[in-house]
Amino acid sequence: MKSKAPVVIGSVFAAYLAFVAVVAIGYEPTPENMDWEDRQVYNNKALAELVIGQDIGSVRQLLGAPDFSEAKSIKDSALQVLFYRTHHEKSDGVTTKDECTPLLFKDNLLVAWGSDTYKQYLDEAPSGI
């Protein structure tokens, strides 16, 4: 009488390989699940797809949660700046704002991004002050 063990082991191995293939083909990591190096590359590519006037929800969907955020009210408008890591400055294990690209939103619509954006945000006086 022949043993069925090789057939069972072969079937389990084939099923495992099929499962791994399906997961590898179908899995797309979200920005939150990427390591910092992959996220930097992803963020830089995603920034190239942004357009002025894009709503904050679609930007968050594309880029994920920001590394930092700030907000304030100016007259009858709300300003918000989201910071996304885009470049490496020093290896200290901590992401800092100087390693991020700021995105400025006015009333939840993208109005600017890049190096001068945060200065624009800081230069606006908050309402009530």
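Computed from a predicted structure; not experimentally measured.
When every heavy atom of Q40 is checked against every heavy atom of H88, the shortest pair comes out as OE1-N, 3.3 Å. Minimum heavy-atom separation, L82 to S69: CD2-CB, 3.6 Å. What you find for R39 and L63 is that their closest heavy atoms are NH2-O, 3.4 Å. A pairwise comparison of heavy atoms in D67 and R85 identifies OD2-N, 2.8 Å as the closest pair.
Between atom CG of residue N43 and atom NE2 of residue H87 there is a gap of 11.5 Å, rounded to the nearest 0.5 Å. To the nearest 0.5 Å, the span separating NZ on K72 from CD on E124 amounts to 7.0 Å. From D35, atom CG reaches atom CG of N33 across 11.0 Å, with rounding to the nearest 0.5 Å. Atom-to-atom distance recorded for E49:CD and S58:OG is 11.0 Å, nearest 0.5 angstrom.
Between the side chains of E99 and T95, no donor-acceptor pair is found at a separation under 3.5 Å.
Between V41 and M34, every side-chain heavy-atom pair lies at or beyond the 4.5 Å cut-off.
Sequence neighbours left out, the pairs with a member in residues 65-86 that pass ring pair (Phe, Tyr, Trp, His ring centres under 6.0 Å) are F83-Y118.
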Residue pair I9, V12: steps toward the side-chain contact (heavy atoms from CB on, under 4.5 Å) verdict: CA-CA 5 Å; I9 291 172; V12 169; 5.8 Å; no
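Summarising the local packing, CG of D98 is surrounded by more than 12 heavy atoms from other residues, nucleotides or ligands at distances under 6.0 Å.
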For residues 103-115, please give each side-chain donor-acceptor pair under 3.5 Å, one per line with the distance, not counting sequence neighbours.
from, atom 1, to, atom 2, distance (Å)
D107, OD1, A78, N, 2.8
D107, OD2, S77, OG, 3.4

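There is a path of hydrophobic side-chain contacts, each under 4.5 Å, that joins I52 to V59.
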